[in-house]
Amino acid sequence: MEEKKESLNFIEQIIEEDLASGKHNGRVLTRFPPEPNGYLHIGHAKAICINFETAKKYGGTTNLRFDDTNPTTEDTEYVDNIMKDIRWLGFDWNGEALYASDYFGQLYEYALDLIRKGLAYVDDSTPDEIAAMKGTPSEPGKSSPFKSRSVEENLDLFIRMKNGEFADGTRVLRANVDMTSPNMLMRDPIIYRIKKEHHHRTGDEWCIYPMYDFAHGQSDSIEGITHSLCSLEFIHHRPLYDWFIEKLGIFPSRQIEFARMNVEYMITSKRRLLKLVNEGYVSGWDDPRMPTISGMRRRGYPAAAIRTFCDKAGVARRENTIEINLLEACVRDEMNRTSQRAMVVLDPVKLVITNYPEFEIEYLEAENNPEDPDGGHRKIAFGRELYIEREDFMEDAPPKYFRMTPGADVRLKHAYILRCTGVDKGSNGEINTVYATYYSDSRSGSDTSGIKPKGTLHWVSAQDAMECEVRLYDRLFTVPDPVRDEDTDFLSFYNKESLRTLSGARMESGLQHCKPGDQFQFLRQGYFCADPDSTPGHLVFNRTVGLKDSFAKEVKS
RNA sequence: UGACCCAUGGUGUAAUUGGCAACACAGCAGAUUUUGGUUCUGUUAUUUUAGGUUCGAGUCCUAAUGGGUCAACCA
């Protein structure tokens with residue numbers, strides 16, 4: 001094998017340097033730390049891939065840790081969905097899922113330690129006062145009058161905070177760092193607050209809860225996380241992250257920040273996604289148009305395609321917006337290899353083959369997947385009356401139209417070559433029936449006709465085919481970046497045609513036994529998957545993504 | 001009027017760490033094709049600017065410009 005010069009992303013470079021220097025004895029442990037207060041989306045998928053795949057590459061593992069330090073917003077309901085989504089994406093964490101709340105006791109001890117070292121104090125100021133004393137990014141803050149309390153008084157007050165002697169919001173514990181720091185986060189950040197609320201795991205055991213900065217890094221440290229990979233927005237937290245580790249003298253996890261991934265036509269703001277759901281722009285968090293993992297799953301995006309997409313998007317530290325067509329290319333590439341072919345006519349028009357025996361039915365052999373030699377074959381019914389796609393007939397066709405048009409030859413996939421002989425139109429000009437004759441010696445597999453038509457159409461037997469519902473999904477927004485302008489409501493870019501429902505589609509009858517989640521390529525149409533809304537008598541298919549269509553492109557120009 | 005991060009084809013990411021700027025997707029042109037799909041071939045297009053160090057700079061230094069981030073008892 002040729003020696004391949006594999007290029008490393010900057011995180012891998014750091015890890016390889018650590019490996020080379022013998023840091024942590026070559027151990028690599030990462031973590032994925034979701035807050036259980038919402039659904040995972042494409043941005044999380046990226047973070048999941050980076051954390052799990054990076055660790056795996058270096059023989060390490062990844063912890064799943066729920067960052068559940070705010071009882072007001074968090075709930076067990078989200079925990080289960082998050083675990084389901086991560087597993088579906090194809091990743092498995094180290095042992096049981098972990099929780100920051102498991103460390104509340106230890107975190108409390110750390111706080112006591114800081115107080116004893118004179119590095120934390122109880123502040124009785126109101127939230128407004130604390131905010132006012134914080135200063136601004138360009139002006140230094142001012143010290144709280146409570147900053148100089150004695151260790152004994154701080155200890156006493158903090159223990160009483162913990163014992164529930166004070167009302168919510170009346171006191172906080174702050175780290176004693178530097179009110180003049182240009183980094184706002186170093187200006188004596190609040191590390192504990194009083195919240196007499198029920199926690200989804202610890203119940204009513206605690207009435208004080210640590211803030212993110214006093215929970216995340218310490219949790220990393222407790223678990224022995226070697227590389228704590230997070231997005232760029234936490235970069236200003238790193239000095240604090242390191243400060244706590246140093247002052248507490250605990251295991252030195254290292255925080256490394258990467259740029260989060262943005263994708264055209266997708267938004268990831270929890271607030272905005274919630275608005276789409278609550279105001280009925282989509283059917284729910286798993287609407288196939290949503291950028292949530294559950295939405296993409298229902299849409300039919302294969303997990304492997306999402307993983308490939310995240311890999312191909314790369315990892316760096318600059319702002320980025322990935323083109324949606326990269327995602328679609330990954331989805332097509334995966335589904336082309338894996339999905340069974342089927343013939344479904346989305347917008348049917350009747351076709352009668354006038355020289356074909358009236359009551360005859362032939363069963364023709366069709367390959368299930370030309371990309372898969374072991375994919376096998378199936379039989380499909382053929383007869384005198386068929387349905388073809390309405391847009392596959394044109395009475396007055398331009399020269400490069402290779403489909404059904406009077407006087408022209410065209411191949412029916414897996415079947416015969418036809419010559420279009422005429423058309424029957426209603427009074428309004430609508431096409432009712434297309435007429436053709438067939439060449440009996442042109443049957444697929446035993447074609448001796450010598451005719452080479454330019455076009456091949458998909459079709460279904462009028463007698464054998466069954467009705468189904470097809471949902472055509474398109475981008476949720478009319479512009480690639482609907483949130484670029486703060487002054488314009490992103491909903492003004494909502495794509496009203498992002499869902500088109502077709503109720504009269506006709507599918508080859510073999511499809512009737514498919515189960516929700518089954519994926520197909522509908523010949524010449526695109527990739528589809530059976531939706532959970534399907535019932536035995538009424539199948540519903542979602543269009544995952546269309547086929548590349550160079551004809552449509554040509555027509556447009 | 002502060003601090004921090006970032007700047008390479010249309011998009012994204014590389015460049016063996018100072019030595020001929022490449023890969024993927026997109027685009028364009030062609031070949032193949034019983035899916036206007038797939039596959040294959042070819043092709044267009046790239047280092048923000050100005051200085052400096054150096055035999056040599058995408059890479060190092062300085063500045064400018066542009067973009068991003070930071071003032072929740074959220075994470």
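Atoms considered below: every heavy atom in the structure, side chains included; atoms not considered: hydrogens, waters and symmetry mates. In what follows, every chain begins at residue 1, and chains take the letters A, B, ... in the order their sequences are listed.
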Look at the side-chain N and O atoms of [X] and state whether any lies under 4.0 Å from the OP1 or OP2 oxygen of [N].
X: A/Lys548; N: B/G27; result: no
X: A/Lys454; N: B/U34; result: no
X: A/Arg524; N: B/G36; result: yes
X: A/Thr72; N: B/C74; result: no

Nearest-nucleotide pick for [X], side chain only, options being [options]:
X: A/Arg341; options: B/G37, B/G36, B/U34; answer: B/G37
X: A/Ser7; options: B/U34, B/C74, B/A15; answer: B/A15
X: A/Ile190; options: B/A75, B/C70, B/C73; answer: B/C73
X: A/Gln13; options: B/A15, B/A71, B/A26; answer: B/A15
X: A/Ala316; options: B/U13, B/U34, B/C73; answer: B/U13
X: A/Glu371; options: B/G36, B/U38, B/G2; answer: B/U38

Using ring centroids (six-membered ring only for Trp), state whether A/Tyr363 and A/Phe382 fall under 6.0 Å. no
Distance between P atoms of B/A57 and B/U48 (Å, rounded): 15 Å
Does B/U69 have a Watson-Crick or wobble partner in any strand here, with both distances under 3.5 angstrom, and which is it? B/A3
Which nucleotide, if any, forms a Watson-Crick or G-U wobble pair with B/A21, using both distances under 3.5 Å? none
Identify whether any heavy atom of A/Met261 sits under 4.0 Å from a base atom; if not, whether one sits that close to sugar-phosphate; answer base, sugar-phosphate or nothing. nothing
